[in-house]
Amino acid sequence: MKFNKWTVALAAVGVVSLASAAKADEKPSSVMTALSSTTISGTVDTSMEWNPGTGNANVAPYKFNSPSMADGFNLDVVQLTIEKPLDEQDWAAGYRADLWFGPYANVLGTQSVFGKSNQQASQSDFAIRQAYVALRAPVGNGLDFKVGVFDSIIGYESVDASKDPNFTRSYGHSIEPQTETGLLVSYRFCDCFSASAGVANTIGPQINGRDVYPTTLSFGGVPIANTYGPDSESYKAYMGSVALTAPDSWGFLSGSTLYGGGVSGYNANIQRNTILTHTPAWGANESSWYVGSTIATPVTGLRLGVAWDWLDVYQFPGKTWAIAGYISWQATEKLSFHGRAEYFYDSSQVLLTSPTDQVLDLTATVQYDLWKNVITRVEFRWDHSLNDADAFGGTVQGNPQYVNAFMLAANIIYKF
């Protein structure tokens with residue numbers, strides 16, 4: 001057997017024996033065996049934005065939009081995914097970790113609250129999007145578990161822009177839960193029907209967050225909120241969803257999906273003084289409900305979609321909900337067109353500010369994948385205040401000057 005020069009040198013001074021080296025060469029190490037089934041992938045997400053009008057102090061308040069991203073070139077986020085998927089074994093085990101680097105990591109807001117209150121979680125250009133252990137138990141068709149930090153189970157769009165039909169996010173996506181720390185159980189009854197249920201610490205998004213609201217909140221001497229801190233051992237967030245998929249026998253509708261679900265629990269991120277004018281305080285119970293569908297059509301490459309989101313924040317007056325329609329057409333192997341029309345009503349002022357409580361969003365996206373592994377797209381977006389009140393633009397935060405907000409953007413994503 002032939003040995004490399006470093007092995008021979010170590011053997012000469014008695015550090016290793018040639019016999020042990022020979023055995024090591026014959027048998028792969030346990031570390032290499034474990035790594036052989038691990039995959040590394042990810043994205044590098046960049047953009048260029050032009051926002052016509054004077055000033056960007058008051059941008060449309062959908063997720064990942066910021067004055068600091070307007071009128072310039074941007075690194076949005078770098079995602080690194082390390083994963084060992086579940087295999088076909090009865091007692092399969094794996095894991096997944098999605099790591100984010102860059103400005104969007106600050107928006108993700110999953111930074112740990114270890115040793116701090118929920119509101120003391122610091123922001124940084126690094127965040128964990130997901131990190132969970134995946135398990136399967138041989139029950140029926142296989143009972144799958146996620147334990148750790150995982151994406152919300154409801155919603156039409158993803159926080160990963162490479163998986164979305166459009167570059168910018170909808171208002172419906174912006175009011176949905178994003179990240180939970182807990183346990184999720186999923187089961188596929190057949191090819192056409194699956195369901196999930198889970199429990200988490202809170203609605204999130206902070207990793208390991210708890211319902212640590214410190215004092216009872218009252219207004220005019222009347223209690224309007226409970227003290228949840230002492231109940232953290234039992235007070236959790238609960239979630240469930242079902243998914244229906246049209247079978248092959250349905251003709252052109254084959255593969256169409258109908259999805260519905262809800263998440264209910266405590267959200268430490270809601271700032272109550274956005275509604276009440278007394279001492280600022282944090283924390284509220286809330287429920288999010290979602291119904292969405294993707295529909296195949298007789299036209300080759302043409303798909304339609306619809307999404308409805310409802311957010312109920314307890315003790316908050318008003319209502320917050322969104323409904324959106326989607327259309328996507330894969331014209332050629334590389335060229336596709338995507339559109340979204342959305343109505344957003346927010347009298348609870350969760351995202352909007354008075355007197356604006358209704359917004360129309362129209363988004364058109366053209367995608368042409370010229371380079372291998374690269375998503376290249378151009379998008380035009382128009383946000384319009386349906387109250388005819390100034391809601392966007394201007395040079396002073398809180399003093400908008402325009403009813404409309406326009407944006408022209410280019411988005412280039414490399415997937416590895």
Side-chain angles (χ1 to χ4, degrees), residues 41-81 98 100-108 125 127 129 156-174 301-303 305 324-342 344 359-384 392-394 402 404-416:
S41 60
T43 59
V44 179
D45 188 342
T46 65
S47 65
M48 297 167 278
E49 294 187 18
W50 176 42
N51 304 73
T54 303
N56 300 305
N58 302 279
V59 297
Y62 54 85
K63 196 166 194 174
F64 298 119
N65 195 26
S66 167
S68 64
M69 310 294 281
D71 291 326
F73 301 89
N74 304 305
L75 167 65
D76 297 335
V77 68
V78 177
Q79 175 170 293
L80 178 64
T81 298
D98 291 322
W100 274 29
F101 308 87
Y104 280 10
N106 292 274
V107 182
L108 207 60
D125 274 7
R129 173 189 158 194
Y156 192 93
E157 300 176 5
S158 169
V159 293
D160 182 353
S162 67
K163 297 180 179 179
D164 287 335
N166 307 103
F167 162 57
T168 58
R169 307 315 195 277
S170 66
Y171 289 98
H173 173 81
S174 303
L302 181 65
R303 284 183 172 267
Y326 298 82
I327 182 170
S328 293
W329 178 41
Q330 189 72 43
T332 68
E333 181 181 355
K334 295 184 176 181
L335 177 64
S336 59
F337 300 88
H338 308 271
R340 178 180 63 219
E342 180 183 30
F344 180 50
V359 169
L360 172 68
D361 151 39
L362 297 178
T363 303
T365 308
V366 179
Q367 180 172 320
Y368 191 82
D369 300 332
L370 178 61
W371 293 275
K372 183 179 180 180
N373 300 328
V374 178
I375 296 174
T376 51
R377 52 192 175 188
V378 176
E379 179 166 302
F380 177 77
R381 175 168 178 147
W382 172 42
D383 291 88
H384 174 67
F392 313 108
Y402 302 104
N404 299 301
F406 301 98
M407 187 198 68
L408 181 65
N411 182 214
I412 301 174
I413 303 174
Y414 187 92
K415 301 174 67 175
F416 60 87

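Numbering of residues begins at 1 and proceeds along the displayed sequence. The shown structure was predicted, so the numbers you read here are calculated from the model rather than taken from an experiment. Below, all heavy atoms of this structure are taken into account, side chains as well, without hydrogens, waters or symmetry copies.
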Side-chain donor or acceptor of [X] paired with backbone N/O of [Y] under 3.5 Å:
X      : Y      : answer
Asp71  : Trp50  : no
Ser174 : Ser170 : yes
Tyr62  : His173 : no
Glu342 : Gly172 : yes

Distance-only polar pair, side chains of [X] and [Y], donor-acceptor under 3.5 Å:
X      : Y      : value
Ser162 : Asp160 : yes
Ser47  : Asn411 : no
Asp164 : Tyr326 : no

**Message:** A cation-pi test, strictly: NZ or CZ of Arg169 under 6.0 Å from the centre of the six-membered ring of Phe344 and no more than 45 degrees from its axis. Yes or no?
**Reply:**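 No, cation not above the ring by the 6.0 Å, 45° rule.
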**Request:** Would you kindly check if the NZ (Lys) or CZ (Arg) of Arg340 is within the cone defined by 45 degrees around the ring axis of Tyr156 and under 6.0 Å from the six-membered ring centre?
**Result:**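 Because its charged atom misses either the 6.0 Å distance or the 45° angle limit, Arg340 does not stack over Tyr156.
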Spacing of [atom1] belonging to [X] relative to [atom2] belonging to [Y], to within rounding of 0.5 Å:
X      : Y      : atom1 : atom2 : value
Gln79  : Ile413 : CD    : CD1   : 10.5 Å
Phe380 : Phe406 : CZ    : CZ    : 5.5 Å
Asp361 : Thr168 : CG    : OG1   : 6.5 Å
Thr365 : Phe167 : OG1   : CZ    : 9.5 Å
Thr54  : Asn51  : OG1   : CG    : 12.0 Å
Trp329 : Phe337 : CH2   : CZ    : 6.0 Å

Which heavy-atom pair separates [X] from [Y] by the least distance, and what is that distance?
X      : Y      : value
Ser328 : Pro165 : OG-CB, 4.1 Å
Val59  : Phe392 : C-CD2, 4.3 Å
Leu75  : Asp45  : CD1-O, 3.6 Å
Arg129 : Ser158 : NH2-OG, 3.9 Å

**Prompt:** Can Phe64 and Asp76 be said to form a side chain to side chain contact (heavy atoms under 4.5 Å, CB included), step by step?
**Reply:** CA-CA 9 Å; Phe64 298 119; Asp76 297 335; over 6 Å; no
**Message:** Evaluate Asp383 against Tyr171 for side chain to side chain contact (heavy atoms under 4.5 Å, CB included), listing each step before the verdict.
**Reply:** CA-CA 11 Å; Asp383 291 88; Tyr171 289 98; 2.8 Å; yes
**Prompt:** For Thr81 and Thr43, what are the C-alpha separation, side-chain angles and deciding distance, and is it a side chain to side chain contact (heavy atoms under 4.5 Å, CB included)?
**Reply:** CA-CA 9 Å; Thr81 298; Thr43 59; over 6 Å; no
**Message:** Using 30° and 60° as the class boundaries, would you call the ring planes of Tyr104 and Trp100 parallel, tilted or perpendicular?
**Reply:**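 Ring orientation of Tyr104 relative to Trp100: tilted.
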**Message:** My understanding is that only one of Gln367, Glu379, Arg303, Gln330 makes a side chain to side chain contact (heavy atoms under 4.5 Å, CB included) with His338; could you say which?
**Reply:**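 Looking at Gln367, Glu379, Arg303, Gln330, the match for His338 under the side chain to side chain contact (heavy atoms under 4.5 Å, CB included) is Gln367.
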**Message:** Using side chain to side chain contact (heavy atoms under 4.5 Å, CB included), reason through Asn404 and Trp382 one step at a time and then give a plain yes or no.
**Reply:** CA-CA 7 Å; Asn404 299 301; Trp382 172 42; 2.9 Å; yes
**Asked** Going by an N to O cut-off under 4.0 Å, is there a salt bridge joining Lys63 and Glu157?
**Response**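 Looking at Glu157 together with Lys63, the answer is no, because their closest N to O distance does not fall below 4.0 Å.
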**Asked** Between Val44 and Ile412, is any pair of side-chain heavy atoms under 4.5 Å apart?
**Response**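 The answer is no; the side chains never approach within 4.5 Å.
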**Request:** Using a 4.5 Å cut-off on heavy atoms from C-beta on, say whether the side chain of Asn373 contacts that of Tyr414.
**Result:**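 Of all side-chain heavy-atom pairs linking Asn373 with Tyr414, at least one is under 4.5 Å.
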